[in-house]
Amino acid sequence: MAIRIDYRWMVPPLAAAQVESYRGLAASVHGGLAARRKAGSLPFYDLPRQDVPAIERFAAERQGSFDDLVVLGIGGSSLGLLAVNAALRTPFPRLEPAPRLTVLDNIDPLRVSSLLGALDPRRTLLNVITKSGDTAETMSTFLVFRKWLTDSLGERPARERIVVTTDAAKGALRKIASDEDLAAFTVPDGVGGRFSVLTPVGLLPAALLGIDIRGLLAGAASMDRRLASPDLMENPALLGAVLHRIGYDEGRRISVMFAYADQLYLLADWYRQLWAESLGKRRRLDGTERPVGPTPVKALGVTDQHSQVQLYRDGPDDKIYTFLTVDRFAAAVPIPAVGEAAGLDAVAYLGGHSLEELLAAEERATEAALFLAGRPVARIAFPEVSPQSVGEYFHLMEATTVAAGALFGIDPLDQPGVEAGKQYAYGLMGRQGFAEMRRELESLAPGDERFLFTGSE
Ligand code: PA5
């Protein structure tokens, strides 16, 4: 059974006539994207049909040889895998089956040294993932881990515990991998980090963890078939993009992804990066400087009902809500009856129901409360959380994002703002060729002293 995409409670509040007015533009956006896909400039669309025997072979060879898989990567090189692992193995690190996954997507020294102190180098497999092969965070932790492995095991055995995923030719990591004869996989050309979960970036570690990667790809392929029509009303990616565009123009510039299952929460986190980094742009395709970008927010049901929903329902009408729900959970937890004791009416009604029922009721109630307050609400319903449904979701959201990029008149595939931050950091750390960036930062005025509180007398 396929995931259901339900936009009925978006229209109204958004006007049906407005949606209709986008029919022509949506068809031409679809045509433009299809032409670029055919020309090979949007290769993410075709990832669902790739062959994966090399990944499966490597995973089979390494099976049983490690207790800990440590992935070094950041942004598009880590968030997809984290989402897949939480959805398809467990969202609870404490309950994770062997082998354990640790994704080191931060360089917090306490996190890194605590992890090194807890790992056994003889039972650790390291997957270093960076498309550019140069990212300072990933490469610095790689250097730390490589030394740790080499010091503990010696050079050759250390090399056998490393596999890298990077560009076919460019970047420092590719060079190191060739020089040191490390096992290596390639991020296909033209697939950017946040669109790369269905490349070896996500698929290799997923396969090493025993996840059904063919199921993920089959789900994405079936969603691709559902997105073939240029007709707005028959293509949920086009319609989702149009609804967000209309909402944005009316001032609903925040997009809340509300996951009603712990397993789905990191899918919302993955979406947060995809939407923010793809659509937050200063320049439009026509060359004008007109900053644009909806702000994605993730929320967890029911937890955030007691944290965010007051704002969502009664605060400014500046948000669009997408609920992620599950029809059939993999576990059933009945709620025991409380007996006949007097004065317990406030809990007696719960007995005989289940946590799944309560969760579904709370989700439905929250959706309805928002809709009744005039807020646009969409729902993506997973029949169950499976490799197929997760693959469908990835492809749907990626296709919606590039369609939204076309409607906003921006390039969803670049990230000049992220690159600028990387370059300033290179400058500060003394990388050759980036001295100008360092000078620019050092020449910044410190600002008005009256606004600084140091705590000194
Ligand atoms: O989506 C993107 O392009 C970024 O988030 C990158 O994935 C992130 O900056 C990491 O880059 P790299 O994979 O080159 O290390």
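In listed order, ligands and their atoms are each counted from 1. The figures here come from the full heavy-atom set of this structure, side chains too, leaving out hydrogens, waters and symmetry mates.
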Asker: Quick one: sort the His244 and Trp275 rings into parallel, tilted or perpendicular, breaks at 30° and 60°.
Answerer: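 The arrangement is perpendicular - the two ring planes meet at more than 60°.
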Asker: Judging by distance only, is a nitrogen or oxygen of Gly76 under 3.5 angstrom from one on ligand 1?
Answerer: yes
Asker: Go through ligand 1 atom by atom and flag the ones less than 4.0 Å from a non-hydrogen atom of Arg194.
Answerer: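 Matching atoms, with element in brackets: 1 (O), 2 (C), 3 (O).
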Asker: Which of the numbered atoms in ligand 1 are under 4.0 angstrom from any heavy atom belonging to Thr135?
Answerer: 11 (O), 12 (P), 14 (O), 15 (O)
Asker: Who's the nearest protein heavy-atom neighbour of atom 5 (O) of ligand 1, and how far?
Answerer: Gln273 NE2, 2.7 Å
Asker: Between Arg159 and Leu182 (side chain of the first, backbone of the second, donor and acceptor by atom type, cut-off under 3.5 Å), is there such a pair?
Answerer: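 Pair absent, no side-chain N/O of Arg159 close to backbone of Leu182.
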Asker: Look at the aromatic rings of Phe408 and Tyr248 and report parallel, tilted or perpendicular, splitting at 30° and 60°.
Answerer: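 Because their plane-to-plane angle is over 60°, the rings of Phe408 and Tyr248 count as perpendicular.
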Asker: Where is the nearest protein heavy atom to atom 4 (C) of ligand 1: which residue, which atom, and how far?
Answerer: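 It is Glu277 OE2, 3.0 Å.
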Asker: State the CG-CD1 distance between Asp414 and Ile410, to the nearest 0.5 angstrom.
Answerer: 7.5 Å
Asker: Does Glu137 come within less than 4.0 angstrom of ligand 1, counting non-hydrogen atoms of the residue?
Answerer: no
Asker: Parallel, tilted or perpendicular: which fits the ring planes of Tyr260 and Phe258, with parallel below 30° and perpendicular above 60°?
Answerer: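 Plane angle between 30° and 60°, so tilted.
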Asker: Which residue and non-hydrogen atom of the protein lie closest to atom 11 (O) of ligand 1, and at what distance in Å?
Answerer: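 The closest one turns out to be Lys422 NZ, 3.4 Å.
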Asker: Could you state the interatomic distance from CZ (Phe382) to CZ (Arg4), rounded to the nearest 0.5 Å?
Answerer: 11.5 Å
Asker: Quick one: which of Val201, Ile74, Val128 has a heavy atom closest to atom 8 (C) of ligand 1?
Answerer: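 Shortest heavy-atom distance from atom 8 (C) of ligand 1: Ile74.
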